[in-house]
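One structure is given below, encoded as structure tokens.
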Amino acid sequence: MPAIGQNISPDAKLMLSANELVYNKDQELVSVIGGVQINYGGYKLVAQKVDYNQKTGRMMATGNIEMVTPDGNRIYADHLDVTDNFADGFMNALRIETSDNTRLVAETGQRVGGTQMILNKGVYTACLPCAEKPERAPFWQVKAQRVIQDNQKHTIRLEHARFQLLGRSIAYLPWIEVPDNTVKRKSGFLFPSMSVSQNLGYGLSVPYYYVISPSSDFTVTGTGYTSQGFMLEGEYRRRFENGTVTMHIAGIDQMNPGNFSAGTSDAEAEQRGMVASKGDFRINPRWTFGWDVMVQSDNNFSRTYKIDGYDNTPHANTVYLTGLGKRNYFDLRSFYFDVQDADRNNTAEKQQAIVYPTLDYHYVAPQPLAGGELSADVNLTNISRTHDDFYNVAGFDRFRGLEGQTTRLSTEVQWKRTFVTSTGLVITPLLAARGDAFALNMDSPVDANGIPYAGNYLNDSAATRGMLTAGLEMRYPILFTTSNSTHVLEPIAQIYARPDEPLAGRLPNEDAQSFVFDATNLFDRDRFSGYDRIEGGTRANLGFQYTGTFDSGYKLHGIFGQSYQLAGQNSFATDDLVNVGADSGLETDRSDYVGLGGIEMPFGLSVAASYRLDEKDFSFNRGDLTTAYQNDTFSGQVTYTHVSAQPAYGFAEDQDEIQASSSVRFKDYWSIFGGIAWDLNNDVVVRRSLGISYQDECTIFTIAYVDRRDTTDQTASDWTIAARLTFRTLGDIRLGTGDAANSL
């Protein structure tokens with residue numbers, strides 16, 4: 001809303017332009033006629049005629065009036081009668097457009113005391129008029145008998161208001177008050193949200209937002225569930241000069257715990273709640289400190305009631321300190337993993353490692369050494385666990401974690417230099433040295449029947465190991481050009497000479513359990529994902545990468561290659577507690593073939609594939625194929641994923657899945673979207689969703705349905721429905737939480 005009546009400096013100069021000026025000395029009346037333009041104190045006024053009465057100090061303007069206020073708002077009227085400082089006055093047939101495209105139309109308006117604008121028979125909307133039919137009613141508007149804009153409170157109050165959609169009244173409100181366009185934060189009730197779920201019933205949430213100070217605020221939300229009762233939730237936020245802190249609390253006394261599946265924590269708990277906090281502080285331009293922690297009454301409350309920011313599983317409670325320099329990096333953090341599931345007796349959380357702490361430091365020497373780059377990496381990991389993380393799949397024992405405590409300190413130094421010959425051959429020699437020290441205070445691995453682990457586990461309290469590596473990489477990029485295309489083919493050859501991996505498979509493996517051999521890590525020196533395993537033996541990697549671009553808009557890319565164990569022990573053929581290399585494609589002297597490729601077409605179609613083919617018969621062991629298409633009205637994607645069985649690694653059967661998603665726009669602002677995930681091996685649709693959305697410059701409406709089938713876990717609901725209706729400048733109405741809400 002315009003801030004008419006702002007203080008105008010006594011030194012402000014008035015600039016006047018008009019076709020004709022008439023001065024009536026007897027009546028002390030100054031009239032300017034034709035193309036009148038007035039600039040005064042930040043106000044700009046355009047009209048056909050302006051009369052200024054020197055006796056009364058009032059100014060009357062008529063004819064196609066447009067006034068721009070100092071804050072950028074525009075007022076249009078047929079007749080304007082205001083004081084010479086724009087503090088008080090009257091307007092007829094006026095229209096106001098604010099800087100955020102909010103619009104007000106009224107029959108008459110009155111400026112009172114330099115602080116309030118009172119409009120009679122006003123219409124309020126944030127929608128733009130239809131370009132083809134301006135007389136058509138906007139998508140939504142609020143008609144009120146009286147509209148009061150208060151410059152001191154920075155509010156717009158609509159009295160005896162009727163809310164209209166597409167020109168039809170759908171609701172009557174005795175009054176409604178919203179902040180004006182100058183307000184960023186204001187205390188008051190926010191729009192309520194609604195939800196519906198299988199075991200909670202229908203829910204209505206009413207939040208109240210309270211501004212404590214310019215740097216802090218608080219939101220308290222009351223939610224009533226038809227099946228479970230009333231939940232109270234609050235969040236406090238505080239901003240400091242160098243960071244922010246939030247506190248979050250929630251609690252409920254469940255009316256009908258029996259609605260949940262018997263034996264679950266949801267069914268057995270009545271009084272439930274949580275307390276959580278997040279913080280992030282920038283100590284200086286390089287150092288940051290923070291935390292994200294949560295404590296709850298049981299192991300599934302936040303997940304069941306979809307507490308925003310705390311409903312994921314597991315929730316990682318974290319405390320961290322990070323430093324980032326131009327060439328160096330430091331990260332120190334501790335973790336506690338809160339596994340949220342519905343099984344009250346589940347030991348999954350106790351099987352998770354408690355990390356206190358893990359430290360990573362990366363250093364790059366500022367000056368070259370022997371013409372090359374010298375770098376160093378340090379990792380310190382200290383963890384403990386109260387329960388063994390053991391399971392058996394297809395007759396194979398896997399120990400993902402042992403009860404007890406372990407500490408490891410790892411340091412690695414690397415030097416490499418790149419040479420480019422006159423023929424374009426790129427040669428990069430590399431030298432690396434690494435050392436590790438372990439303090440082991442963990443129980444020996446035994447299976448569920450107490451039978452000791454059959455592998456050669458090192459049952460000592462301490463251990464050390466080292467690794468020296470000499471490597472050489474050669475690349476020869478070859479450029480081909482035609483009249484309408486450019487192609488780059490780059491053969492790549494690598495060799496790494498090193499001794500066997502010390503204590504291979506005999507130590508705990510905590511951080512190198514996740515492993516996939518594909519084209520993205522074909523040319524890595526050490527393919528293990530963490531520090532607990534080291535790739536040993538002499539190995540060569542051969543392959544090529546290709547890119548091609550065409551003037552017609554087509555683009556091609558691809559990588560293909562294979563890895564060879566030339567000498568020494570193959571680390572991926574050595575069993576450890578989790579059998580990380582089993583059936584990985586690297587356990588043989590000649591690895592599987594790996595590659596990726598794709599094509600992008602100028603009309604919006606793209607195809608991308610990643611694959612691993614058996615080194616003997618080229619059978620398809622692992623990979624995915626994605627086809628996507630996008631234009632102005634349609635976007636869609638289909639992905640097929642295949643993973644061959646790796647029983648020793650935890651996958652007893654082949655895994656094949658198709659995922660598809662699409663969105664179709666129609667009638668300018670409307671779109672339909674949906675998706676599906678289909679487990680081909682079990683012939684089960686594990687996830688499906690469908691929704692419809694409308695979005696223009698002033699309104700967003702979306703409703704979505706999500707049905708998720710989870711045979712391994714129990715949740716509060718298998719299906720959810722969510723909807724969102726947003727009226728710009730008025731507020732947001734939500735229905736639903738969880739997966740469906742997150743897809744909106």
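Note that these values count all heavy atoms, side chains included, but never hydrogens, waters or copies made by symmetry. Residues take their numbers from the sequence shown, with the count starting at 1.
- The aromatic ring centroids of Tyr453 and Phe399 lie less than 6.0 Å from each other.
- Although no hydrogens or angles enter the test, the distance criterion places no donor-acceptor pair under 3.5 Å between the side chain of Asp524 and the main chain of Asp526.
- Listed here is the closest heavy atom pair of Asp576 and Asn579: OD1-N, 2.7 Å.
- Looking at Glu657 and His642, their side chains never bring a donor and an acceptor atom within 3.5 Å of each other.
- Checked by atom type, the side-chain pair Asp331/Tyr329 shows a donor-acceptor distance below 3.5 Å.
- Between Gln646 and Asp583, the shortest heavy-atom contact is NE2-O, 3.2 Å.
- Taking the six-membered ring for Trp, Phe396 and Tyr649 have ring centres at least 6.0 Å apart.
- When only modelled atom types and interatomic distance are considered, Asp266 and Thr304 share a side-chain donor-acceptor pair under 3.5 Å.
- Looking only at atom types and distance, the side chain of Asn299 has a donor-acceptor partner in the side chain of Ser265 under 3.5 Å away.
- Note: Phe572 and Phe515 meet the aromatic proximity criterion, with ring centroids under 6.0 Å apart.
- The two residues Gln340 and Asn300 have their closest heavy-atom pair at C-OD1, 3.5 Å.
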* To do: Report the C-alpha separation of Asp518 and Arg612 in whole Å, then their side-chain angles, then the decisive distance to 0.1 Å, and conclude whether the salt bridge (Lys or Arg N to Asp or Glu O under 4.0 Å) test is met.
  => CA-CA 6 Å; Asp518 58 21; Arg612 176 165 65 87; over 6 Å; no

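- Side-chain N/O atoms of Arg398 and Tyr391 include a donor and acceptor closer than 3.5 Å.
- A centroid separation of less than 6.0 Å is found between the aromatic rings of Phe281 and Phe240.
- Side-chain contact, Trp291 with Ser277: a donor N or O sits under 3.5 Å from an acceptor N or O.
- There is a side-chain donor-acceptor pair under 3.5 Å between Asp656 and Asn681.
- Ser261 and Thr264 share no donor-acceptor pair across their side chains, judged by distance under 3.5 Å alone.
- For the residue pair Thr219 and Glu235, no side-chain donor N or O sits within less than 3.5 Å of a side-chain acceptor on the partner.
- Listed by first and then second residue, the salt bridge (charged side-chain N to carboxylate O under 4.0 Å, His left out) pairs that reach into residues 436-448 are Arg434-Asp436, Asp436-Arg465, sequence neighbours excluded.
- A donor-acceptor contact under 3.5 angstrom links the side chains of Tyr356 and Ser384, judged on distance only.
- By the 6.0 Å contact criterion, CH2 on Trp678 is open, its count of non-hydrogen atoms from other residues, nucleotides or ligands being 12 or less.
- A donor atom on one side chain and an acceptor atom on the other are found under 3.5 Å apart for Gln414 and Arg525.
- A pairwise comparison of heavy atoms in Ala463 and Leu458 identifies CB-CD2, 3.7 Å as the closest pair.
- With Glu510 as the fixed residue, the salt bridge (Lys or Arg N to Asp or Glu O under 4.0 Å) test singles out one of Arg400, Arg385, Arg408: Arg385.
- Under 3.5 Å, the side chains of Ser227 and Asn256 contain no donor-acceptor pair of N or O atoms.
- Here the closest heavy-atom approach between residue Asn382 and residue Gln405 is recorded as OD1-NE2, 3.1 Å.
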* Asked: What's the verdict on salt bridge (Lys or Arg N to Asp or Glu O under 4.0 Å) for Arg238 and Asp217, showing C-alpha distance, side-chain angles and the deciding distance?
  -> CA-CA 7 Å; Arg238 175 71 184 271; Asp217 51 40; over 6 Å; no

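- Between Gln296 and Ser302, the side chains place a donor N or O and an acceptor N or O closer than 3.5 Å (distance only, hydrogens not considered).
- Between Phe337 and His315, the distance from one ring center to the other does not fall under 6.0 angstrom.
- For Leu577 against Pro508, the heavy-atom pair with the smallest separation is CD1-CA, 4.0 Å.
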